[in-house]
Structures are given as C-alpha cells and as structure tokens.
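Everything on this sheet refers to the single structure shown next.
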Amino acid sequence: MPFSPAQRMCIRIFSFLCIPMACWQVWILPNMPHYHLQHFFVYPVSVYMLYLLLTKYITLGEIGARWVKYTPLALCVLALQALAVWNYSPPDVDIMRHMAVVLTKIVFQWPFLLVYAEFCRFTLQHETSRRACMAGFLCTIGLLFALCGIQGIYLYTGQAQTALLQELHVYSKNILLCISPLLEARWKDAIYDFYAQGAYALTIQRMNGLFEETSVLAAWVATFFLPFSMGFLALRTAQTRRAHALGWILSITLILLLFIARGTTAMSVGGVALGLLLLGSLRGRRKVLTLSITGLCLGLCMLIACYVPQVSVFGQARMNIANIAHLPRLVIMQDTLDIITAHPLTGVGRGNFTAHIVEGERYKARMPHDPELQGWKQAGSVPPLSALLGFTVQYGLPLTVFLLGGIARIWFQIYRRYQAQPTSSFVQYMFAACSAWCVLAFISSIGSLDMRNPLFCLPLFVFMAVAQHADVPAEEYHAA
C-alpha cells in the first residue's frame, strides 16, 4: 500500500527521531518492576507501531507467522527457569510465589522485544525511513561529540581542580544542575564522583545509559555508534569518497573519545576497534592511505594514554596487579564463574543472582574491607558487572550458547547475502556494521552492558531483519 504525502512525512519524522529517543536514557516510571516500562523509548515506538497496525501497513497475522516458530524455544526457556528457581532459590523464600514472579517477568519481556524487532523490520523496508533514520543517527553522534567536548574541555584544562576547591563551579552550578532533570530520572539521589573520577558524565549526578559513567558510555559507543560508523568504510561504489571520509572521521573520533574518557572498558573496546580498523585497512583498497590513517589514530591514542596526566595515571594504576586484585568487578566476576561451574545447565534462575553471589568465597572475604560490596549486600541487589556472565549464571550455559549461536547465524546469513550481492551498497554497509558489532558487542558484554536496553536491542534486530531480506519487497525476493 503506497503512502500518502502526510503519512510519508510522519514516517520520515519518526524515523529521524527514533535514534535520539533511544539514546535519551530517561526513566519516566522508575518505580515500575518491569524494565521496559521504565524506559521512555518504548512508549513512542508502541504508539507508532499501533498506528501502522491501524493503517494496515503491518498486520497481526504477518507478525504471528514470523514469530510462531520460536514458541518451542520460549517454552523451553520457561521450563528451564522453572527448574532453576525450584532447585536453587534461597530457602527463606516462597518458591511457588517466586517462580510465578520470575516466569511472569520473563514473559512480559517478550512483547516489548517483539515491538522493537517489528519496528526495525518496518524501518528497513522503506528507503524513506532508512534515510531519515541515518540522518537521525548522524545528528545524535554530533550531539554526543558536543556534550563530551564541553565536558572534556572543562575536565582536562585544569578548571576541574579549581571547581573542586570552590565546591561548585559556575559550570556545574548554573548549567549542569539546570539540565540534569531533563536527562536523569532514575537515580536522582546517587551522586557520582564526577570530579574525582573524571568520567564523561553529563552531570554531577549518576545517569543510566548513554551519558552515565565511562564504562557504560563505552559500551554504548562500542555496540551502537562505532559499528554503524565503520559501515561507511566498507562501501565500494563509485561515489564513496564522502562516505569513506565520514566513516574515518566518525570512527577515529569515537575511538579517541573512548581513550580520553579514561576507563578500563573504554580503553579495551577502543583497542579492539583499532584492531578492526587495522584489519579493514589490510583487506581493502588504497592500503597505504588507510594504513596511514589507522597508524595516525593509533599514535594519537598512544599519546593520550602516555602523556595526558589523567589518563596515564589511571592506566598505570590499572596495570598494577596489586591495585586491581581486589576490585569489586574482579571479585564478583570470579565468584560468578564459580557459580556457573556449579550450576552449568539451568543456571540459578532469574532473580537469584544476589542470593548466590553474596555467599561466594571471595565476596565474603573481601566485603569487610570494601564499602561498595557492603552497600550492595545491604541493599539486597548486587549487579553482575558482566552482562555475559550475569546472563549465563541466571539462565545457564546451553541458553547462552544458543544465543551466541543465533547471533553467529545472523552474521553468516548476512555474509552469504554479501557474497550474492557484492555490489549492493546497502549490503556492503550492513555486513561491515554487523561484523564490527559482533566483535565489539562480545567484548562489551564481558563488562558493563545491559542487554535489555534499546541501544543493544535495536542493532541486533536490524541485523536480524537484514539477514531475513526484510529490505527487499516480497515479490522481488521470491522472484530472485
């Protein structure tokens, strides 16, 4: 069904705004027990998809036909979780009630994931929405650079020390505290030590998502912005000079941002991204030029790591084994591996992570000496601090392997499509972006990454739609 001019305009506007809205990590209902209901992005997307249903551009029958084949998998997940909760729940809880809560929360996640997946599929089907979405992506990166640039200038020009001595600088008092309510809604009382840590937090308050502490910022840059920026470098058509220049500018600037931001996760994913750029330079054309650009980026990163005082001191501290041996992240990850070893098949069940981790050998030994570990136990909620390990300890190794295998299958399907359509700019871009995303998402999942967040879900569902040829009209696909 063709779009009317008014409908085309509405689709173009929403497609342009979708990425800025996904990156706006505001939590409008922070007290809701359901994660997706807390996040702002799900509401405009749900209204948009309802509009598409009412106008018959998508139908429930089509959606059901695409997803009914996953019913056995869903039932298997519920069965394994029920078994894990029954066997490994704490003895002081009502097992039947706890099981009902856990299974209900799992089931309630699926409709929102379905909305995200169908939204990505519809967006890819039409060139108008694809172009508008890319424009929104570029504008969002521009905003990210502007905000981090302001924060970086303030932090690395020495004014932060002056502000620290004066308790509140005019910058934080008149600007940051004024815009904070527009961007932060979840942890208003949790003050983040911005001046001491030097992380790229937009405000002096801790914020969830894109503009939070360095490790979370690094995870979103690595799994959302960098892969789609590197996709421009893979284009091989005659008119790609501007695309290549844009790809290099975005990729190098984002990598430099990760190194300047000063964080273990940030520098790790930045180094991996540099390796991907180097690999791409060796495989593509104009090897001398691309290797020179990559070498320049590597040199700048080394200069930042060695000669920017805030970064070099942090790096030396992290390289000292004596300093990192008792870090809360390392303590929790080691105990998490022990739990996975003890319960590999079903995991311990969703919601049982804290009860098991606080009984870990290293956690109990280190807790009297670490206020952060003490605070988490008192609050009754210990973060896994590693998305992949946290998922595995709750859902078991088989489901983790199945998830990773599904992502590998998506990559292989896009690769086969790339071999069949080597001259398609769209396929070239998506294959490079998916390859970079698979590597960077895996590295980020070892650290601070929330797999439920739209910034992780949207790229995954975009690549799933590409693997299923969602951008090709059905009649053309079957004819081919």
Side-chain angles (χ1 to χ4, degrees), residues 8 11-13 15-20 22-23 120 123-149 220-258 270 273-301 414-415 417-418 421-437 439-440 458-459 462-463 465-466 471-472:
R8 189 178 298 274
I11 291 174
R12 183 181 291 114
I13 292 174
S15 299
F16 175 82
L17 293 175
C18 70
I19 290 180
C23 293
C120 292
T123 301
L124 284 182
Q125 285 179 338
H126 306 282
E127 186 176 2
T128 299
S129 55
R130 290 202 301 263
R131 289 182 176 274
C133 194
M134 180 55 68
F137 170 76
L138 296 176
C139 290
T140 305
I141 286 189
L143 177 62
L144 172 68
F145 288 162
L147 293 172
C148 289
W220 298 141
V221 168
T223 57
F224 193 80
F225 293 106
L226 259 175
F228 290 115
S229 298
M230 290 181 172
F232 290 110
L233 302 176
L235 299 178
R236 298 179 183 175
T237 58
Q239 302 173 345
T240 55
R241 287 189 177 182
R242 291 183 179 179
H244 284 174
L246 179 62
W248 280 113
I249 292 172
L250 295 180
S251 301
I252 290 177
T253 309
L254 288 169
I255 291 173
L256 292 176
L257 169 63
L258 292 175
L274 267 176
L276 293 177
L277 283 183
L278 179 61
L279 181 62
S281 301
L282 293 174
R283 294 176 60 86
R285 296 179 299 178
R286 300 175 181 174
K287 290 184 175 60
V288 175
L289 176 61
T290 55
L291 283 172
S292 299
I293 296 175
T294 306
L296 175 63
C297 181
L298 176 60
L300 291 174
C301 292
I414 297 178
Y415 173 69
R417 187 174 174 187
Y418 173 72
Q421 301 173 269
T423 60
S424 170
S425 299
F426 177 80
V427 177
Q428 291 171 4
Y429 176 86
M430 285 298 176
F431 175 65
C434 182
S435 300
W437 181 84
V439 176
L440 294 174
L458 294 182
V462 163
F463 298 134
V466 174
D471 56 294
V472 181

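- Residues Phe426 and Leu124 come closest through the heavy atom pair CZ-CD2, 3.9 Å.
- When the side-chain hydrogen bond (donor to acceptor under 3.5 Å, both in side chains) test is applied to Tyr418, the partners found at least two apart in sequence or on another chain are Arg236.
- Looking at Pro20 and Cys139, their side chains never come closer than 4.5 Å, going by heavy atoms from C-beta outward.
- Annotation: the span from Leu144 atom CG to Trp220 atom CH2 amounts to 14.0 Å, rounded to 0.5 Å.
- The minimum heavy-atom distance between Gln125 and Arg130, with the atom names listed, is C-NH1, 4.1 Å.
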- request: Applying side chain to side chain contact (heavy atoms under 4.5 Å, CB included), run through Ser229 and Leu254 and close with a yes or a no.
  value: CA-CA 9 Å; Ser229 298; Leu254 288 169; 3.6 Å; yes
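- For Ser129, there are no side-chain hydrogen bond (donor to acceptor under 3.5 Å, both in side chains) partners at least two apart in sequence or on another chain.
- Phe225 approaches Ile141 most closely through the heavy-atom pair CD2-CG1, 3.3 Å.
- For Phe224, there are no ring-ring contact (aromatic ring centres under 6.0 Å, His included) partners two or more places apart in sequence or in a different chain.
- The two residues Leu235 and His244 make their nearest non-hydrogen contact at O-NE2, 2.6 Å.
- Considering all non-hydrogen atoms of both residues, Met230 and Ala273 come closest at CE-O, 3.6 Å.
- Counting heavy atoms from C-beta on, the side chains of Cys434 and Tyr415 never come closer than 4.5 Å.
- For Leu233, the side chain to side chain contact (heavy atoms under 4.5 Å, CB included) criterion is met by Trp248, Ser251, Leu277, not counting sequence neighbours.
- Not counting sequence neighbours, Phe16 has no partner by the ring-ring contact (aromatic ring centres under 6.0 Å, His included) test.
- Among Leu276, Leu274, Leu250, the single residue meeting the side chain to side chain contact (heavy atoms under 4.5 Å, CB included) criterion with Ile255 is Leu274.
- Across all their heavy atoms, Arg417 and Val427 have their closest contact at NE-CG2, 3.6 Å.
- Legend: residues meeting side chain to side chain contact (heavy atoms under 4.5 Å, CB included) with Ala234, ordered by chain and number and at least two apart, are Ala432.
- Checked by atom type and distance alone, the side chain of Tyr429 pairs as donor or acceptor with a backbone atom of Phe228 at under 3.5 Å.
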